[in-house]
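First listed ligand is number 1; within each ligand, the first listed atom is number 1. Each residue takes its place number in the sequence, starting with 1. FYI, side chains are in, hydrogens and waters are out, and symmetry mates aren't considered; it's all heavy atoms of this structure.
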Amino acid sequence: MAKILEELKGARTVAISGHVRPDGDCIGSCMGLYLYLKKALPEVRTDIYLEQPSRIFSCIDRIEEVKTDCSEDIVYDAFIAVDTASDRLGAAEKYFKTAKRTINVDHHISNAKGCGQINHVDAAASSASELVYDLMEEELVDASIAKAIYIGIIHDTGVFQYSNTSPRTLMTAAKLISYGFDFSRLIDETFYEKTYVQNQILGRALLESILFMDGRCIVSAIDRKTMDFYNAAPGDLDGIVSQLRIIKGVECAIFMYQTGPQEYKVSMRSNGRVDVAAVASYFGGGGHIRAAGCTLQGTYYDCINNLSLHIEKQLEA
Ligand code: AMP
Ligand code: MN
Ligand code: MN
């Protein structure tokens with residue numbers, strides 16, 4: 001596999017970006033790559049664009065250098081889209097569109113072809129972070145870079161628990177922890193630790209969840225009013241859908257939160273029998289077979305009806 005430094009040869013300006021509402025893998029892979037390019041190519045102007053990362057990621061070195069403002073008019077020599085296709089880059093998509101060279105590093109099955117001129121897309125990879133690491137020269141990796149990549153991997157594998165964890169994932173993780181950062185504390189601080197309010201919302205979501213299709217599906221939603229009451233951001237809802245998925249007998253879990261008067265952001269998780277990437281893709285979203293998302297228009301009941309039709313068809317097949 002050609003290494004990223006070869007692909008950037010001659011570039012004087014490089015931009016890195018990931019998807020909107022960035023998760024741990026998105027932030028870890030983008031920041032890992034950013035730290036690596038800053039070190040390997042000090043004369044190159046490398047910029048990183050992301051929506052404001054959650055405070056839990058402040059343990060990543062130089063995260064304060066993330067640019068959230070895309071108002072500058074600049075044409076980059078190279079743009080690297082990580083953990084996403086170009087349609088979910090948000091405001092940074094404008095730089096992707098004008099960049100002279102585009103590179104895509106992703107592991108979403110819904111982006112199998114890749115959106116760049118050069119593509120490193122592998123749906124079998126646990127995370128974009130795992131793929132980013134493979135594009136690095138090992139001798140240039142240091143503890144800061146390793147830490148960022150490690151965070152990405154633990155987030156997308158649920159701390160090496162989900163079925164996307166492979167021998168390659170664990171071998172990469174083994175190399176990463178040899179750089180000597182406090183991985184145990186990192187896992188607690190970025191993955192398991194929840195604020196009191198986050199736990200209260202999780203409690204609400206569990207209390208108000210509804211089982212259907214003979215207990216094979218579960219749905220729960222948080223509306224705008226409740227989010228305002230708890231002063232919650234979308235990131236405060238992370239982990240709710242995972243908790244719904246592990247309920248005994250459940251094949252498919254749906255969690256939604258309201259993003260507009262008639263709009264919901266949907267997260268789906270499957271235990272294997274339902275391909276939720278296919279369901280999400282039908283509604284214009286995407287993701288992985290066991291974890292996917294989309295945005296739906298309509299009332300809470302419209303959303304459930306639309307999703308359950310597709311899920312039922314798969315469960316009955
Ligand atoms: P989420 O439920 O938002 O945590 O997303 C689960 C997985 O699906 C993640 O890998 C997301 O990157 C992906 N995903 C979520 N929403 C979309 C979307 N609208 N389009 C493509 N992929 C998505
Ligand atoms: Mn992601
Ligand atoms: Mn990912």
Side-chain angles (χ1 to χ4, degrees), residues 16-33 50-51 53-54 57 81-90 93 104-115 120-134 148-158 162-166 169 172 190-191 205 219-222 233-245 252-257 259 263-270 274-297 303 307:
I16 300 167
S17 188
H19 57 77
V20 292
R21 291 186 273 256
D23 54 18
D25 179 35
C26 180
I27 291 166
S29 56
C30 287
M31 278 306 299
L33 185 56
L50 287 172
E51 288 178 2
S54 156
F57 300 112
V82 187
D83 195 35
T84 188
S86 58
D87 60 342
R88 277 207 305 152
L89 286 168
E93 191 182 0
N104 188 201
V105 186
D106 193 14
H107 69 127
H108 287 84
I109 198 161
S110 50
N111 180 32
K113 286 202 195 98
C115 65
H120 302 285
V121 179
D122 179 358
S126 69
S127 51
S129 300
E130 185 178 315
L131 292 173
V132 160
Y133 178 75
D134 282 344
I149 302 280
Y150 189 82
I151 288 177
I153 294 178
I154 59 166
H155 274 254
D156 259 20
T157 61
Y162 306 147
S163 60
N164 59 358
T165 306
S166 69
T169 314
T172 303
T190 75
F191 192 79
V219 65
S220 189
I222 296 284
D236 293 322
L237 310 172
D238 286 353
I240 294 179
V241 72
S242 312
Q243 196 60 42
L244 294 170
R245 177 189 68 85
C252 183
I254 306 168
F255 175 71
M256 319 193 290
Y257 67 89
T259 48
E263 189 183 90
Y264 284 86
K265 168 72 179 76
V266 176
S267 282
M268 289 179 282
R269 297 293 183 271
S270 158
V274 178
D275 174 355
V276 288
V279 179
S281 295
Y282 181 86
F283 294 106
H288 314 282
I289 290 171
R290 290 173 181 239
C294 56
T295 297
L296 290 186
Q297 311 296 325
C303 296
L307 294 167

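The protein non-hydrogen atom at the shortest distance from atom 7 (C) of ligand 1 is Ala291 O, 3.5 Å. In this structure, atom 17 (C) of ligand 1 lies nearest to the protein heavy atom Gly293 O, 3.3 Å. Protein heavy atom in closest approach to atom 3 (O) of ligand 1: Lys265 NZ, 3.1 Å. The protein atom (non-hydrogen) at minimum distance from atom 4 (O) of ligand 1 is Arg269 NH2, 2.9 Å. Ranking protein heavy atoms by distance to atom 19 (N) of ligand 1, first place goes to Gly285 CA, 3.5 Å. Ranking the protein heavy atoms by distance from atom 9 (C) of ligand 1 puts His108 NE2, 3.8 Å first. Here the protein heavy atom with the shortest distance to atom 20 (N) of ligand 1 is Gly286 N, 3.2 Å.
If you check the side chains of Ser166 and Thr169, you find a donor sitting under 3.5 Å from an acceptor. A donor-acceptor pair shorter than 3.5 Å can be found between the side chains of Arg290 and Ser163. Under the 3.5 Å distance criterion, with hydrogens and angles disregarded, a donor-acceptor pair is assigned to the side chains of Asp83 and His19.
Nearest to the Mn ion (ligand 3), among the N, O or S atoms that Asp156 has, is OD2. Nearest N, O or S atom of Asp23 to the Mn ion (ligand 2): atom OD2. Taking the Mn ion (ligand 3) as reference, Asp25 places its N/O/S atom OD2 nearest.
The NE2 atom of His19, the Mn ion (ligand 2) and the OD2 atom of Asp83 define an angle of 80° (nearest 10 degrees).
A heavy-atom distance below 4.5 Å is found between the side chains of Leu237 and Phe255. His107 places a side-chain heavy atom less than 4.5 Å from the side chain of Leu131.
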Evaluate the side chain to side chain contact (heavy atoms under 4.5 Å, CB included) criterion for residues Ile289 and Val276: first the C-alpha distance (whole Å), next the side-chain angles of each, then the deciding distance (0.1 Å), finally the verdict.
-> CA-CA 5 Å; Ile289 290 171; Val276 288; over 6 Å; no
Start with the C-alpha gap between Leu50 and Cys30, add the side-chain angles, then the distance that decides, and say whether side chain to side chain contact (heavy atoms under 4.5 Å, CB included) holds.
-> CA-CA 9 Å; Leu50 287 172; Cys30 287; 4.2 Å; yes
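Rounded to the nearest 0.5 Å, atoms NZ (Lys265) and SG (Cys303) are 12.0 Å apart.
For ligand 1 and Ser267, the ligand atoms under 4.0 Å from any heavy atom of the residue are 1 (P), 2 (O), 3 (O). Close approach to His288 involves these atoms of ligand 1, each under 4.0 Å from a residue heavy atom: 10 (O).
Within the 6.0 Å centre-distance limit, the rings of Phe57 and His155 are counted as a close aromatic pair.
Not one N/O/S atom of His108, from backbone or side chain, sits under 2.8 Å from the Mn ion (ligand 3).
Contact between Ser127 and Ile153 at its shortest, heavy atoms only, is OG-CG1, 3.5 Å.
The N/O atoms of Arg88, backbone and side chain alike, include one that comes under 3.5 Å of an N/O atom in ligand 1.
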